[in-house]
Q: 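Starting off with a structure, shown below.
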Amino acid sequence: MSAAIPPLVAAYLRDILVQAASPMVLTFGPGFALRGAAGDSTRIGVEPGAAAEALRELFTGMPLDEATVLPFVELPGGRHVHVHLLPDGALFHLLLLDASGEVAKARPVQQRAHDAEIAGHEKSRALRRLKQARAELEAQRRALLEANTLKDALIATLSHEFRSPLTAVFGHVHLLEKGGESAEGRALALRSIRRAATHLLALSDNLLAWARDAAGAGVPPEAVPIDAARILAEVRDLFGGAAEDLGITFEARAEVTGEPPLGDPLRLRQMLINLVGNALRHAAARRIEARITANHGAVEISVGDDGKGIAADAQARIFEPFNLGAARGVRGTGLGLAIVRRMAREMGGEASVESAPGQGATFRVVLPRQVAPDPAAPPPPRPQRGGRALLADDDPAQRTLLRMLLQELGYAVYEVGNANDAVTYAAAHAPDLAVIDARMPGLSGNTAVYRLRSQGFSGRIVAVAGDPTPVAREAALAAGADAVCPRPVDSIAFADAVLGG
Amino acid sequence: MSEVARKICLLGDFGVGKTSLVARFVRNTFSDKYLTTVGVKVDSREVATAAGPRKLVVWDIAGKNALDSVSQAYIRGASGLLLVADGTREATLRSALYLQVQARTTLGEVPAVLLVNKLDRVDDWEVKPATIAELRKTLPVFETSARTGDHVEAAFAELAGRLPA
């Protein structure tokens, strides 16, 4: 057990501690009236009057009759103190102890820890974006590589496909020019030339059809009366000789019930040419039958053969373009069946194949009844949704353009020039559609989109973005946009974005 | 007529922008440099409310994701809370809501307004708009930017208007 510290030592020690702490004491009476000040105000750096004012604010709402400690309070001059409230009857004392030294030590440590955590978070975000950008680049690279491979394959195939028949044509022409051939020999040469020319015609038709569609220049299907027998006769004329030379029996039949069906004769002819040409080249058949069946407007084209058939796994890919579904070494551009399927779908139908290895194959195109357009009827209007649209863009010229496009789509348009006005208007009027420029001065369009969504706006939002990067697009979608329309604005793309097409 | 003084506290994780929000509200200033707060700093500003002028004594409390005993001492006597989150760090939103729950043990039910800060960086936000739309059903929420000042005044005014007379 230790003895009590002698009073002399205790007093000495108290003097040392008081001197070291340099306390400042302010005594207050009722109503926070300053009654007295003691201690060293220079260490705290605030005069008693100013300190009293700051302390009155500090204790707003707090009980003054309970002992309280408030550590690390920053005073108006920037110095930190520990504030101790000591009730003393009707009075109370506020003891201020300098904490600047402790803050000077603690702050850099705390700052480093916080900076490191925030930096770590930013780094994670940057890495996530980098990973996303790399994945997008890799996907683009793969797509380019695939396109390049397809292009190379197409060029190689075309080279073969064009050169083989042309070689035959030149060879037979040379023989005919030389003369001396028998009548049978000349007829054989002419048939060969015709077969080669037919193949080249089909080839060029397919390439043009594919290229037109790829360029978006395809012509909509017609709906005019179809002479099925005539189409079949044309196809028979084209392929009859080739079939005969190959020892294949080629039959073509038309069965029409009711009125002649409506459809697009050129597309039907092209589909039949592709299907028959496909059977002649690949089926190794003894017999091929092409048929057009029309039943009160609905049309079915079928081309069947008794050839080697198609394996089930190949059937799933056989309509893919550029020989993607074909076995290596198979001739053809790989466009014929792809074009058949595409044309069938353009007319609201579908193309299919039934086959089994060794049991031949039957390709079918089923087309629904087509309806003739009324020549007196106006052109079909662009689909409209209509309603009230909010348009936010800081550029008046851009606003004018977008307003006109929206009005064409049937919208009544209210225009604003900044993000805040957009949010305010939407909150008050709940428009059906908001078209927001993603980059506006001040708070961005994405901010407006975000705030619209966070306030429960449920209408469609289209962000118009000048920045074409995937990151910018993702930012607009993450903010809550339903669609992003790039600048310069294309009227069709804009309509799709607005109408959700 | 002298104004009625009310103590309000800003609660939120570190680095969410509490000090910047107070600087914008009280002095209309902003600094890009992040300086961590140690302890507490008290400022005040008078605002007009429907009930008349009111002096807000604003306690900017060092950022934490939970209230310790010191922070509990700081918030004593507060009439309202400004809960602050950083939109670019979703975890800070959870912290702000958790701090509100903890503050109830000291304060009981007091008015609170949620500020989701750093609106100027909305492209970096992790907090989804649907999350905020959902939160609005239970408490007032403001997307703020201490940098641009957007909706800072409105957020403080909202709390001032909800404080008891």
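Protein chains get the first letters and strands the later ones, always in sequence-line order, with residue 1 at the start of each. Small disclaimer: the values here were computed from a predicted structure and weren't measured.
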Q: Below 4.0 angstrom, N of the basic side chain to O of the carboxylate: do R453(A) and D482(A) qualify?
A: yes

Q: So what's closer than 4.5 Å to chain A heavy atoms on D150(B): side chain, backbone, both or neither?
A: side chain

Q: Counting heavy-atom pairs under 4.5 Å with chain A, which one of L119(B), D124(B), L135(B), T148(B) comes out on top?
A: D124(B)

Q: Quick check on V57(B) against chain A: is it the side chain, the backbone, both or neither that has a heavy atom closer than 4.5 Å?
A: side chain

Q: Where on V449(A) is there a heavy atom nearer than 4.5 Å to chain B: the side chain, the backbone, both, or neither?
A: neither

Q: Which atoms of A130(B) come close to chain A, meaning under 4.5 Å heavy atom to heavy atom: side chain ones, backbone ones, both, or neither?
A: neither

Q: Check each atom of R6(B) against the heavy atoms of chain A and say whether the ones under 4.5 Å are side chain, backbone, both or neither.
A: backbone

Q: As an exercise: rank T131(B), D60(B), V127(B), V141(B) by heavy-atom pairs under 4.5 Å with chain A and give me the winner.
A: V127(B)

Q: Could you walk me through whether L55(A) and L26(A) satisfy the side-chain contact (heavy atoms from CB on, under 4.5 Å) test, starting with their C-alpha distance in whole Å, then the side-chain angles of each, then the deciding distance to 0.1 Å, before giving a yes or no?
A: CA-CA 10 Å; L55(A) 291 166; L26(A) 299 174; 3.4 Å; yes

Q: Could you tell me whether a side-chain N or O of K18(B) sits under 3.5 Å from a main-chain N or O of G12(B), the two making a donor and an acceptor?
A: yes

Q: Using non-hydrogen atoms and a 4.5 Å limit, figure out which bit of R136(B) sits close to chain A: side chain, backbone, both or neither.
A: side chain

Q: I'd like to know if the side chain of R439(A) and the backbone of G466(A) have a donor-acceptor N/O pair within less than 3.5 Å.
A: no

Q: For Q398(A), does its backbone N or O pair with a side-chain atom of R487(A) as donor and acceptor, under 3.5 Å?
A: no

Q: Given heavy-atom pairs under 4.5 angstrom as the criterion, report whether the side chain, backbone, both or neither of E474(A) touches chain B.
A: neither

Q: Can you tell which part of T447(A) gets under 4.5 Å to a heavy atom of chain B, answering side chain, backbone, both or neither?
A: both

Q: Is it the backbone or the side chain of R451(A) that comes under 4.5 Å from a heavy atom of chain B, or both, or neither?
A: both

Q: Please look at H114(A) and chain B and tell me whether the side chain, the backbone, both or neither of the residue comes under 4.5 angstrom of a heavy atom of that chain.
A: both

Q: Which one wins on heavy-atom pair count under 4.5 Å against chain A: I132(B), V42(B), T37(B), V40(B)?
A: V40(B)

Q: Would you call the rings of W125(B) and Y450(A) parallel, tilted or perpendicular, where under 30° means parallel and over 60° means perpendicular?
A: perpendicular

Q: Under 4.5 Å heavy-atom distance to chain A, tell me which part of S44(B) shows up: side chain, backbone, both or neither.
A: both

Q: Assess whether a salt bridge exists between R45(B) and D43(B), defined as any Lys/Arg side-chain N lying under 4.0 Å from an Asp/Glu carboxylate O.
A: no

Q: Would you say that N117(B) contacts L21(B) through its side chain, given a criterion of any heavy-atom pair below 4.5 Å between the two side chains?
A: yes

Q: Salt-bridged, R128(A) to E126(B), with N to O below 4.0 Å?
A: yes

